[in-house]
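Only heavy atoms go into these numbers, but all of them, side chains included; no hydrogens, no water, no symmetry mates. All residue numbers in this chain count up from 1 along the given sequence.
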Amino acid sequence: MKKILILNGPNLNLLGVREKGIYGNQSFETYFETLKERFADNADLSYFQSNTEGFIIDKLHDVGFSYDGIVLNAGAYTHTSVAIADAIAAINTPVVEVHISNVHQREAFRHHSYLSKNCKGVILGFGLDSYRLGIESLI
């Protein structure tokens, strides 16, 4: 059984409420229950969300030497945080970067990720299903 953390960054606590045309109308908590059921035989899933960069880094440090994988949607920090990129580089646990939207179809500043070079892979543009694909890649 793989121990996998799903780690969400800023504003993802508002899924199902914010910009439904981009992010859909389902809360992440509801979707997380679906993921736990789907992967019950293969993965012990846990979930953490923070709007604060330092808390995301602390969580990476906390699980980055003991978990089998991390599925990370760092939200806007993807495009701004060298500190989160450094935290990913510093840990042993593989990290898969995910995004709900296809960031390359959005504003130009979203086309660059500071995190990608330190991640096992990147999955984007498949809606919430990006998380499922990230988990599958770690299993």
Q: Tell me, do F39 and I135 make a side-chain contact under 4.5 Å, heavy atoms counted?
A: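 Heavy-atom side-chain distance check passes, below 4.5 Å.
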Q: Begin with the C-alpha distance, continue with both residues' side-chain angles, and end with the deciding distance and a verdict on ring-ring contact (aromatic ring centres under 6.0 Å, His included) for Y131 and F28.
A: CA-CA 10 Å; Y131 293 92; F28 192 81; 4.7 Å; yes
Q: Rounded to the nearest 0.5 Å, how far apart are CG of L133 and CG of L128?
A: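 If I round to the nearest 0.5 Å, the distance is 11.5 Å.
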Q: Please assess D44 against K2 for the test side chain to side chain contact (heavy atoms under 4.5 Å, CB included), listing each intermediate value before the final yes or no.
A: CA-CA 6 Å; D44 176 14; K2 299 274 186 169; over 6 Å; no
Q: Test side chain to side chain contact (heavy atoms under 4.5 Å, CB included) on S116 and V122; report intermediate values, then the result.
A: CA-CA 7 Å; S116 297; V122 179; 3.5 Å; yes
Q: Check whether Y47 reaches the backbone of L7 with its side chain - one donor and one acceptor, N or O, closer than 3.5 Å.
A: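 A pair under 3.5 Å: no.
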Q: Determine yes or no for a side-chain-to-main-chain donor-acceptor pair under 3.5 angstrom, with Y77 supplying the side chain and E53 the backbone.
A: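 Looks like yes, one N/O pair under 3.5 Å.
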Q: How many angstroms lie between atom CG of L115 and atom CG of D86, to the nearest 0.5 angstrom?
A: 10.0 Å
Q: Distance-only, no hydrogens or angles: does the N51 side chain make a donor-acceptor pair with backbone N or O of N11 under 3.5 Å?
A: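 Yes, N51 side chain to N11 backbone: donor-acceptor pair under 3.5 Å.
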Q: Of I6, V95, V98, which meets side-chain contact (heavy atoms from CB on, under 4.5 Å) against L72?
A: V95
Q: Measure across A74 and P10 and return the closest heavy-atom pair with its distance rounded to 0.1 Å.
A: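 Taking every non-hydrogen atom into account, O-CD, 3.3 Å.
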Q: Check I70, V63, I88 against T93 for a side-chain contact (heavy atoms from CB on, under 4.5 Å) and give me the one that passes.
A: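 Checked I70, V63, I88 against T93; only one passes side-chain contact (heavy atoms from CB on, under 4.5 Å): I70.
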Q: Hey, does the side chain of D68 reach the backbone of I4 with a donor-acceptor pair shorter than 3.5 angstrom?
A: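 No, D68 side chain to I4 backbone: no donor-acceptor pair under 3.5 Å.
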Q: For the CZ atom of F32 and the OG atom of S27, what is their distance to the nearest 0.5 Å?
A: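 That separation rounds to 12.0 Å.
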Q: Let me see the working for L35 and R132 under side chain to side chain contact (heavy atoms under 4.5 Å, CB included), right down to the final yes or no.
A: CA-CA 7 Å; L35 291 174; R132 177 190 58 81; 4.1 Å; yes
Q: Of the non-hydrogen atoms in G125 and S130, which two are nearest, and what is the gap between them?
A: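 Smallest heavy-atom distance, with atoms named: N-OG, 3.9 Å.
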Q: Report the C-alpha distance between R38 and E33 in whole Å, list the side-chain angles of each, state the deciding distance to 0.1 Å, and finish with yes or no for salt bridge (charged side-chain N to carboxylate O under 4.0 Å, His left out).
A: CA-CA 9 Å; R38 180 182 186 111; E33 292 304 317; over 6 Å; no
Q: Backbone N or O of G9 within a donor-acceptor pair of the Q49 side chain at under 3.5 Å?
A: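 Answer holds: yes.
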Q: Taking the side chain from S81 and the backbone from T78, do they hold a donor-acceptor pair closer than 3.5 Å?
A: no
Q: Once rounded to the nearest 0.5 Å, what's the spacing between atom CD1 of I123 and atom CD of E97?
A: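 Answer for the CD1-CD pair, I123 versus E97, is 10.0 Å.
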Q: Once you measure the plane-to-plane angle for H99 and H79, does it fall in the parallel (<30°), tilted (30-60°) or perpendicular (>60°) bin?
A: parallel
Q: Check the hydrophobic clustering (I, L, V, M, F, W, Y; side-chain heavy atoms under 4.5 Å; chains of links allowed) and say if L45 and Y67 are grouped together.
A: no
Q: Got a donor-acceptor contact below 3.5 angstrom from the T52 side chain to the G54 backbone?
A: no
Q: Out of curiosity, I56 CD1 to N8 CG, how far, rounded to the nearest 0.5 Å?
A: 8.5 Å
Q: Is the backbone N or O of S137 less than 3.5 Å from a side-chain atom of K120, with the two atoms forming a donor-acceptor pair by type?
A: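 Answer holds: yes.
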Q: Quick one: CG on L5 to OG on S46, what's the gap to the nearest 0.5 Å?
A: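 It is 4.5 Å, given to the nearest 0.5 Å.
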Q: Can L138 and V71 be said to form a side chain to side chain contact (heavy atoms under 4.5 Å, CB included), step by step?
A: CA-CA 9 Å; L138 292 166; V71 175; 3.7 Å; yes
Q: Should the heavy atoms of other residues, nucleotides or ligands under 6.0 Å from CZ of F126 be counted, would the total exceed 12?
A: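 It does not: F126 CZ has 12 such atoms or fewer within range.
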